[in-house]
J.: 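Once you've had a glance at the structure underneath, I'll fire off some questions.
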2 protein chains.
Amino acid sequence: MTDKIDGKDDAIWLHCSNSAVRRASRQLNQLYEDAMGDTGLKGTQFSLLSQIGFSNKPSLKVLAETMVMDLSALGHTLKPLIRDGLVELFPDDKDKRVKRVRLTQAGVAIQRDLTGRWRIAQDRFDAAFGQEKSEELRHTLAFIASPEFAKAFEGDA
Amino acid sequence: MTDKIDGKDDAIWLHCSNSAVRRASRQLNQLYEDAMGDTGLKGTQFSLLSQIGFSNKPSLKVLAETMVMDLSALGHTLKPLIRDGLVELFPDDKDKRVKRVRLTQAGVAIQRDLTGRWRIAQDRFDAAFGQEKSEELRHTLAFIASPEFAKAFEGDA
DNA sequence: GGAATTTACTGGCATATGCCACCAAATAGA
DNA sequence: TCTATTTGGTGGCATATGCCAGTAAATTCC
């Protein structure tokens, strides 16, 4: 039964929510980067810069949890931003294990610039998808990304 | 204004659909891989194996488009699967530029095994999220991943 | 207070993805 | 037919992410 009838029978992303989300993610990444593109910064980097801007000097741990990212993945992802002087790490006063993150001046400037470009992309998304549905979708996705959802997914028994 | 009031003011994923999808994607990847985990294969590899199984010896180009992936990215992603003998490439009869993909016997077996494990994860997702909403979400995401949506996003003018 | 355990990061390794430069085959044009 | 252009893939380079194995600092337990 491996080879179905012939051509485009079925598709994994119509059955698997994980595949569906990843696939949509690739598309959006494309669309948003086209719209913001020429700064050389990626969509993820914009997200990260923005979230760091929104936050108050978060520790790597906290930022990673917030972003629903592995701590080490966050560390890796920050490297190019640190190298390019957009972000900097500094030690916590109380706990010497902890490193906190903040935007540099350059980072703030870039983030501001990116936000303008991002806005265009987001407006296009809302136009194509519907403003209301857009917001609803983001909330839905935030729920899926929440610890409560993870608990419901795993825990229920 | 870089540092807002204090703690958890706002979040980029509540404003940016792209960030929202990526973040949810990270969570789901985690959850699904935990549930399927011990085969050593990733969620993406399951998607790919499944889609190759669903398709009829697609060319790399076609498969890439179907998966909404960059052609070269697909090539890279297939490498470990080819190396491990789950998938194989073979030339097209007519067009010597074209390479087609298919599962090997081992690939078919693994895919079958993975499908069983995946089903558990998907059932948990449906249970936690709601069967109906789950299906609806997949359709929504398929729409977002569609060329029509890309056109609407870019083209409208 | 000192050993055992936990916590926050780092570094190495592997996959996931994309862009760009290049190559070869196929196709359009003259 | 010969040349210019288009197409389908590959390889190199860079970021995105995650796991695992340390490491050092903090906390828990005698």
Side-chain angles (χ1 to χ4, degrees), chain A residues 18-19 21-34 37-49 58-65 67-84 86 89-101, chain B residues 18-19 21-34 36-49 58-65 67-84 86-87 89-101:
Chain A
N18 185 30
S19 304
V21 174
R22 286 184 77 81
R23 186 161 167 272
S25 178
R26 286 191 292 266
Q27 169 96 284
L28 287 187
N29 229 41
Q30 255 347 90
L31 297 178
Y32 275 68
E33 270 177 39
D34 283 354
D38 49 348
T39 54
L41 289 181
K42 302 284 182 179
T44 305
Q45 301 182 313
F46 166 70
S47 299
L48 218 37
L49 290 177
S59 69
L60 292 180
K61 181 77 187 311
V62 164
L63 183 57
E65 279 165 1
M67 297 290 289
V68 189
M69 266 189 158
D70 182 89
L71 173 60
S72 74
L74 173 62
H76 298 321
T77 305
L78 284 176
K79 265 176 205 167
L81 298 175
I82 294 172
R83 177 200 59 201
D84 298 341
L86 306 181
L89 301 183
F90 63 100
D92 183 272
D93 302 325
K94 320 287 181 80
D95 192 330
K96 290 171 191 166
R97 291 169 305 178
V98 173
K99 286 186 184 175
R100 293 178 173 281
V101 204
Chain B
N18 186 30
S19 304
V21 175
R22 287 184 77 81
R23 185 161 169 273
S25 178
R26 287 191 291 266
Q27 169 96 284
L28 286 187
N29 229 41
Q30 252 352 88
L31 297 178
Y32 276 70
E33 270 177 38
D34 282 357
M36 323 182 13
D38 49 349
T39 55
L41 289 182
K42 303 284 183 180
T44 305
Q45 301 183 312
F46 166 69
S47 298
L48 218 38
L49 290 177
S59 69
L60 291 180
K61 181 78 187 311
V62 166
L63 182 57
E65 279 166 0
M67 296 290 291
V68 189
M69 268 188 157
D70 182 271
L71 174 58
S72 74
L74 174 62
H76 297 321
T77 305
L78 284 176
K79 266 176 203 166
L81 297 175
I82 294 172
R83 176 200 60 200
D84 297 342
L86 305 183
V87 153
L89 302 184
F90 62 99
D92 183 90
D93 303 326
K94 323 285 181 81
D95 192 329
K96 290 172 190 166
R97 291 169 305 178
V98 173
K99 287 187 184 175
R100 293 178 174 282
V101 205

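Reckoned from all heavy atoms, side chains included, excluding hydrogens, waters and symmetry mates. Every chain is numbered from 1, with letters handed out A, B, ... down the list of sequences. Since we're looking at a predicted model, the values are computed, not measured.
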J.: Mind calculating the distance between CG (D93(A)) and P (dA25(D)) to the nearest angstrom?
T.: 16 Å
J.: Between the protein and nucleotides 21-23 of chain D, which nitrogen or oxygen pairs come in under 3.5 angstrom?
T.:
none

J.: Under the side chain to side chain contact (heavy atoms under 4.5 Å, CB included) test, which residues partner V62(B), sequence neighbours left out?
T.: P58(B), S59(B), T66(B)
J.: Report the residues that fulfil side-chain hydrogen bond (donor to acceptor under 3.5 Å, both in side chains) with D84(A), sequence neighbours left out, ordered by chain and then residue number.
T.: none
J.: CG of D92(A) versus C1' of dA26(D): gap in Å, rounded?
T.: 12 Å
J.: In whole angstroms, how far is the C1' atom of dT6(D) from the CG atom of D95(B)?
T.: 12 Å
J.: Would you indicate, yes or no, if dA25(D) has its OP1 or OP2 atom less than 4.0 angstrom from a side-chain nitrogen or oxygen of K94(A)?
T.: no
J.: Under 3.5 Å, side chain of E33(B) to main-chain N/O of G43(B), donor-acceptor pair present?
T.: yes
J.: Quickly work out the R97(B) CZ to dG9(D) P distance and round it to whole Å.
T.: 9 Å
J.: Specify the residue among K79(B) and E65(B) whose closest nucleotide of DNA chain D lies further upstream toward the 5′ end.
T.: E65(B)
J.: Side chains of P80(B) and Q45(B), heavy atoms from C-beta outward: is any pair under 4.5 Å?
T.: yes
J.: With sequence neighbours left out, write down each residue that passes side chain to side chain contact (heavy atoms under 4.5 Å, CB included) with S25(B), or none if nothing qualifies.
T.: V21(A), R22(A)
J.: Does OP1 or OP2 of dA8(C) have a side-chain N or O of K61(A) closer than 4.0 Å?
T.: yes
J.: Go through the structure and list residues passing salt bridge (Lys or Arg N to Asp or Glu O under 4.0 Å) with D70(A), not counting sequence neighbours.
T.: none
J.: What string of B, S and - do you get for nucleotides 15-22 of chain C, 5' to 3', when a contact is any protein heavy atom under 4.0 Å?
T.: SSBBBB--
J.: A side-chain contact here means heavy atoms from C-beta on lying under 4.5 Å apart; do L78(B) and L60(B) qualify?
T.: yes
J.: Please report, rounded to the nearest Å, how far the C1' atom of dG9(D) is from the CG atom of L63(B).
T.: 13 Å
J.: Is R97(A) paired with D95(A) through a side-chain N to carboxylate O contact shorter than 4.0 Å?
T.: yes
J.: Atom OG1 in T77(B), atom CE in M69(B): separation rounded to 0.5 Å?
T.: 4.0 Å
